[in-house]
Every structure is written in C-alpha cells, then in structure tokens.
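Every chain is numbered from 1 and lettered A, B, ... according to where its sequence line falls, protein lines coming before strand lines.
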Amino acid sequence: MALLEVKDLYVNYNTDEGVVHALNGLNFSIEKGECIGLVGETGAGKTTLALSITQLLPKHVGEIVQGSIVYDGNDVLAMNKREIQAMRGEKVSMIFQDPMDSLNPTKTVGHQLLEVLNLHFKELSRKEKQEKVDQMFRLVGIPAERQNEYPFQFSGGMKQRIGIAMALISRPELLIADEPTTALDVTIQAQILDLMRRLRDEFHSSMILITHDLGIVVDVCTKVAVIYCGQVIEFGTIEDVYARRNNHPYTEGLFKCIPDLKSDAKRLTPIKGYMADPANLPKGCKFSNRCDYKSTRCECEEPEFYETGTHGIKCFRFEGQQEK
Amino acid sequence: MALIETNHLKKYFKTKSGLLHAVDDVTLKIEKNETLGVVGESGCGKSTLGRVILGLLPATEGDVTYDGESIWTEKGKKKDFVYNEMQMIFQDPFSCLNPRLSIHDLIAEPMIVRKMVKDKKEMKQRVLELMDLVGLSERYVNAYPHELDGGRRQRVGIARALALNPKFIVCDEPVSALDVSIQAQILNLIMDLQDKKGLSYMFITHNLCVVKHISTNIMVMYMGQVVEYTSKEALFEKQLHPYSEALLSAIPLPELRKSRDRIVLKGEVSNPINPKPGCRFAPRCKYATEKCTSQEIPLIEVEKGRKVACALYM
C-alpha cells in the first residue's frame with residue numbers, strides 16, 4: 001500500500017479577484033522509501049500540494065474542493081485538529097524554501113530543535129532530548145556548541161541545514177522539501193544535496209522534493225512527477241523521464257530551456273508563451289496554448305493519463321501506445 | 001582599445017569589526033561587443049564590482065576607464081556623459097520597479113532624468129519603440145508592475161536600461177529570479193540585443209550554465225579576488241583553479257549519469273573582514289599546502305590570455 005495517496009485533488013484559492021484553481025484533479029502517490037521529485041514552474045501548484053498534504057493551506061482562502069488525501073490508510077481530510085498535529089511534525093515534516101524566514105529569530109536554534117521534541121516526544125527525559133539535539137546538529141555538520149546562537153549568526157547554507165535538522169529530528173516517515181536549495185549558492189547546494197542523499201540512505205524515509213530544477217531531481221530522486229497547472233502531466237522513474245525518448249511536450253520544453261554545457265547552440269529554445277492563468281483555465285489540455293504539437297482535439301478535450309509500465313504521460317500523442 | 005578597463009580596482013567597506021575586502025585588486029578588460037561573465041558565490045564581491053564600475057559606489061583604490069578615459073576619479077561634469085553610456089539590469093524584477101509608476105512612466109523615467117526627449121508625443125513613441133524592442137506588447141503601456149509576471153517585469157527592467165542607448169550594460173543576475181522557461185526567453189533577448197545594438201555586457205551570475213551560454217570571457221571571483229580569468233572555451237575545457245573546478249562540478253545537470261564524482265567543497269566562504277594573507281580559498285581547498293597561506297598568491301598568466309591565481313601554477 002502506498003504511504004501517501006493523493007487522488008483527484010482540486011484546491012481553490014478564493015481571492016477578492018475571483019477563484020484561482022491551483023490544483024485541478026491531481027493524482028499522486030508515494031511508496032515507503034521512495035524519493036519523488038516534483039517539478040514545475042512557479043504557480044504550477046507544487047507548494048499548494050505540499051500545503052494540502054500537511055493541512056497548512058491559508059485558512060478561509062485555500063479550500064480543498066474535491067478529492068482525497070490518504071496517509072498510511074488514514075484520511076487526512078477527515079482528521080481533527082489534534083490528529084493532524086500529531087501527524088504533522090512527527091510523521092510528516094517539511095523543509096521550507098527560505099531558510100531566512102523559516103526560523104524564529106528570537107529563539108536560539110537549539111531551543112527551536114528542542115521544541116519539536118517537547119511537542120512530539122514528551123516521554124523522553126530532558127537529557128535524552130538534549131542528546132538527540134546534539135546528535136542532530138552533528139549529523140547536518142554544525143558544531144553542537146553553536147546551538148545557543150540565534151539564526152542571524154548563521155549563514156544561509158547553515159540555516160538551511162538547521163531547517164533540515166529540525167525536519168528530521170522526529171525521524172519522519174515522509175519528508176517534504178519545498179525548494180530546499182533555491183536560495184543557496186551552487187557549492188552550498190551541492191553540500192545540502194549530498195546531505196539529503198545521505199539522509200535518504202540512512203533513514204530510509206520517503207521524500208518529496210519540490211523544485212523547478214531538473215538537474216537537482218536527477219541527483220537525489222528515484223521518480224519524477226512533472227506538474228503543470230495543478231495536474232501531474234508526466235510521471236515516471238528517473239530513467240523513463242531523463243532518457244528523453246518519450247516526454248510530454250512540456251517536459252521536452254523544460255529540458256530544452258536549460259543551456260547545455262556541451263553544445264554551443266547560440267540560441268536557447270524557450271517554451272513559447274506563458275502558463276495559463278489559473279483563474280481562467282483553458283478547457284482542454286492545459287498546455288495546449290503553448291504546445292507545438294497541438295491539434296483541435298487538444299483544445300476541447302482533456303487527455304487522459306496514458307501509462308506504459310512505470311511511465312505515464314498526459315497527452316494525446318501517447319494514446320494507444322500503452323500496449324507497446 | 002578596450003571599452004571598459006579597470007586597473008587594480010579595490011573597494012573596502014569599513015565595518016565595526018574591521019575592513020571588509022569586497023573587491024580586492026581586480027584588473028579587467030571588456031572589449032566592444034564582448035560579454036564578460038563574472039562568476040562566484042554570494043558575497044564574493046561580484047555585484048560590488050559591477051556597482052563600482054558604474055560609479056554607484058566610489059572605489060577605494062584604482063580606477064575605471066571608459067574608452068580610454070578615466071571616469072570616476074575626476075570630479076565635475078566631465079563624467080556626466082558616461083551615465084548615458086553605462087546602464088544596469090538588476091537581479092530582482094520584483095523590487096527594482098517603482099510599484100506606483102505605470103510601465104510607460106517607468107521606461108520614460110531615465111529619459112526624463114537625462115532630458116533626452118522634448119515633448120510627450122515623442123516620449124510615447126520612444127517608449128513604444130523600446131517596448132517593441134524588448135518584446136512587450138503595447139497593451140501593457142498603462143499597466144502597473146504588479147500586473148506583470150516576473151519575465152515581463154524583467155523586460156521592463158531591460159527596456160529601462162536601454163532607454164538611453166547605452167554601450168555597456170552590467171547585468172546583475174538578471175535571470176536568477178525567473179523560471180527556467182522564462183529564463184531562456186530573457187537570455188535570448190539579451191543576446192539578440194547585443195547583436196542588434198553592438199552592446200558590451202558584464203554578466204554577473206552564479207549559474208555556470210548561463211555564463212557558458214552567454215559569455216566571451218569568464219572571470220571567476222572568490223572573496224573579492226579574481227582566481228581565474230580566461231576565455232569561455234578554455235575554462236570549460238579545463239579549469240586550472242581548484243575553486244573553478246569545484247564550481248563546475250557542482251552544477252546539477254539534467255541528465256542520467258552512472259556515478260557522480262563531483263567535488264563537494266567543505267565549509268563555507270570565510271569572513272572577508274581583514275582576510276589573512278595568502279590564498280583565500282586555501283581553507284576549503286584539497287590541494288592546499290603551507291605555500292598557499294605563507295605568501296600572497298598573484299594572478300599570473302599561465303598561457304596566453306589565461307590567468308590563474310593559484311600556488312599550483314607558480
């Protein structure tokens with residue numbers, strides 16, 4: 001059974017200007033020990049999905065309209081506040097994008113780590129808790145003596161590592177990392193990715209890595225889900241997607257946008273146009289207005305998810321190819 | 001003669017705990033129609049260097065020459081013309097535009113300040129011309145920045161930089177705040193403009209894929225100093241400085257590989273306040289020996305047109 005299963009999820013944001021359709025029938029599941037990369041542009045709904053799973057959507061604004069989220073056999077949407085709190089932080093934890101904003105500036109970092117244990121592991125003695133905190137600092141490569149310092153005394157990369165330590169101290173079964181390295185430099189990014197790979201192997205926890213960088217996914221993950229306009233449009237193992245034999249036109253476009261270190265092409269080939277406005281979505285395939293292969297059918301009918309083995313693509317071009 | 005040259009340029013900031021060496025002894029040369037890529041981690045002084053060249057910050061030592069003339073050392077009107085010739089594209093398209101001005105006013109602003117255009121009609125025409133040049137549709141002329149997405153906002157920033165017909169533009173991480181698909185559009189635009197207008201760029205970034213795509217020459221900076229300065233082809237074929245090597249191997253590439261043997265640097269950039277003599281990269285360098293920290297490591301020419309500051313090549 002899957003650890004987490006998201007089925008046909010629709011999430012709307014009700015704003016003053018109208019209803020924004022952030023997720024539109026998103027299907028997604030993750031097994032124990034798997035590491036899935038969620039790739040997509042700004043506004044594709046990656047973060048909304050993460051917030052829906054952890055029930056952190058902004059109150060009164062974000063609304064789950066339809067669908068189900070089942071975690072380890074329990075319906076997340078039917079949980080009461082206490083049950084959600086027990087799940088969040090203990091079983092599912094999250095690393096946030098901006099290490100500068102996700103820590104409390106008025107508390108020492110050691111205190112902030114201890115807070116997690118105080119909430120979720122009340123049975124441990126003080127000494128045991130402190131030991132765990134020290135151990136965690138060492139694991140992410142920060143001297144334990146520095147735990148009495150405040151966030152501003154650390155650099156960006158170190159703050160992110162503290163964020164990771166905080167997410168991991170409860171040994172979660174599922175870790176959701178929302179663009180954990182976007183705010184960091186390449187060399188620090190390499191350190192963090194290295195750390196995450198090591199943790200994945202050590203803790204055997206499942207991980208959802210949200211990013212817009214296809215290069216990071218191939219480094220850490222075993223599977224990829226490409227998200228566009230609140231839908232998964234391509235799903236497969238790293239090999240399926242990165243072999244670049246069969247790809248959704250959008251994924252193909254994403255690959256082409258990245259300047260290649262090996263070729264000397266003078267011009268890049270960007271995906272034309274802009275992402276459809278989530279407040280005013282097109283009827284058929286959401287990508288049809290930017291797609292080079294579109295036909296009239298794409299504009300009025302929504303394609304299904306066509307699967308070949310482990311690889312699924314939501315595009316009419318792959319209709320009927322499943323048997324091959 | 002090179003369009004822009006700097007000569008042992010230094011910029012130190014006074015802080016409570018000592019002198020912060022933001023830019024330390026940088027000598028560079030940018031020819032007409034050339035793009036110099038400046039690469040390095042945050043805090044290595046690349047933005048400060050750009051600002052000093054544009055005269056937004058006074059240099060502590062050394063000078064900047066434009067077309068052979070020293071521009072920021074003498075006071076008075078002499079340097080006035082330079083403001084029209086040099087411009088900047090900023091990193092964050094969300095904070096570099098005044099939210100209270102319409103797109104028309106934003107693009108017109110530099111021309112009003114420099115008194116380039118006489119009447120309103122001419123101004124409108126000029127603004128529309130610029131919008132067309134950067135690929136913004138005419139219907140946005142009365143829109144406000146918050147109505148545009150990142151890519152279009154960055155186009156407004158570029159139109160502003162082009163308004164005075166400059167010859168040299170400092171691009172300070174112009175695409176790092178954008179999505180990959182939009183990033184490609186903006187990079188294409190920046191390169192097309194270079195061909196059309198014969199611009200020279202100093203392109204500041206930490207993204208090596210981008211720098212490879214756009215530059216003629218590349219300068220790698222570490223803690224205010226130039227550690228490697230060479231042509232693009234030479235750098236991507238073989239990196240001489242250990243830091244350049246680590247930087248290149250840290251790029252996440254979207255392709256399948258069997259094994260990864262990338263170099264993960266230990267530690268972080270050390271403190272640029274009152275740095276110790278010797279190689280500043282030494283604490284993180286796997287080749288470091290006593291030689292590295294016992295003496296200053298000069299930037300020396302190891303091959304024609306290729307400079308490296310590393311004890312390995314002394």
Side-chain angles (χ1 to χ4, degrees), chain A residues 39-44 141 154-158 181-195 197 211-220 238-239 241-244 250 253-275 277 290, chain B residues 39-44 148-152 175-192 195 205-214 222 232-233 236 243 246-257 260 262-271 281 284:
Chain A
V39 189
E41 278 174 88
T42 315
F154 294 89
S155 68
M158 287 177 118
T181 60
T182 313
L184 306 174
D185 280 313
V186 266
T187 57
I188 308 297
Q189 171 173 297
Q191 288 178 4
I192 299 285
L193 293 180
D194 205 46
L195 173 69
R197 251 194 318 270
T211 175
H212 63 262
D213 192 334
L214 284 162
I216 292 177
V217 173
V218 75
D219 245 18
V220 184
I238 290 281
E239 288 76 21
V241 177
Y242 283 75
R244 296 175 68 171
Y250 175 64
L254 275 185
F255 274 117
K256 279 191 195 153
C257 297
I258 305 168
D260 192 344
L261 278 183
K262 289 191 193 91
S263 86
D264 284 316
K266 179 96 170 98
R267 282 185 69 87
L268 298 168
T269 19
I271 305 172
K272 61 183 183 191
Y274 289 87
M275 192 155 87
D277 181 4
R290 302 172 79 181
Chain B
V39 202
E41 284 171 271
S42 49
C44 76
L148 310 184
D149 58 79
R152 292 203 178 94
V175 294
S176 56
L178 306 173
D179 270 316
V180 270
S181 66
I182 309 298
Q183 195 173 324
Q185 292 176 5
I186 299 293
L187 285 177
N188 279 343
L189 173 68
I190 288 176
M191 292 183 83
D192 289 348
D195 293 344
T205 181
H206 64 264
N207 187 332
L208 283 145
C209 294
V210 169
V211 125
K212 157 99 199 290
H213 187 72
I214 206 161
Y222 189 79
K232 165 176 84 178
E233 289 78 17
F236 279 86
Y243 180 62
L247 260 189
L248 251 83
S249 85
I251 312 174
L253 289 174
E255 52 193 42
L256 291 170
R257 277 144 303 184
R260 291 206 50 106
R262 76 176 187 203
I263 308 160
V264 176
L265 284 178
K266 288 202 185 77
E268 305 191 15
V269 185
S270 42
N271 196 346
F281 182 62
R284 297 171 83 186

Looking at every non-hydrogen atom in both residues, tell me the closest pair between B:Ala184 and A:Pro270 and how far apart they are.
CB-CB, 3.7 Å
So which atom in A:Pro259 and which in B:Cys209 form the shortest heavy-atom distance, rounded to 0.1 Å?
CB-O, 3.5 Å
About how many Å separate CG of B:Leu265 and CG of A:Asp194, when rounded to the nearest 0.5 Å?
11.0 Å
Just verifying a value: how many Å separate B:Ile251 CD1 and A:Thr187 OG1, rounded to the nearest 0.5 Å?
12.0 Å
Give a yes or no answer on whether the side chain of B:Asn188 reaches the backbone of A:Leu268 with a donor-acceptor pair at less than 3.5 Å.
yes
Which one wins on heavy-atom pair count under 4.5 Å against chain B: A:Lys272, A:Arg244, A:His212, A:Gln191?
A:Gln191
Among A:Thr42, A:Leu214, A:Thr269, residue most engaged with chain B (heavy-atom pairs, under 4.5 Å)
A:Thr42
Taking side chain as everything from C-beta outward and backbone as N, CA, C, O, which of these in [X] sits under 4.5 Å from a heavy atom of chain A? Side chain, backbone, both or neither.
{"X": "B:His206", "result": "both"}
{"X": "B:Arg284", "result": "side chain"}
{"X": "B:Asp149", "result": "side chain"}
{"X": "B:Leu248", "result": "neither"}

Does any backbone or side-chain atom of [X] lie under 4.5 Å from a heavy atom of chain B? Answer side chain, backbone, both or neither.
{"X": "A:Met275", "result": "neither"}
{"X": "A:Ile271", "result": "both"}
{"X": "A:Ile238", "result": "both"}

Does the side chain of A:Ile258 come within less than 4.5 Å of B:Gln183's, by heavy atoms?
no
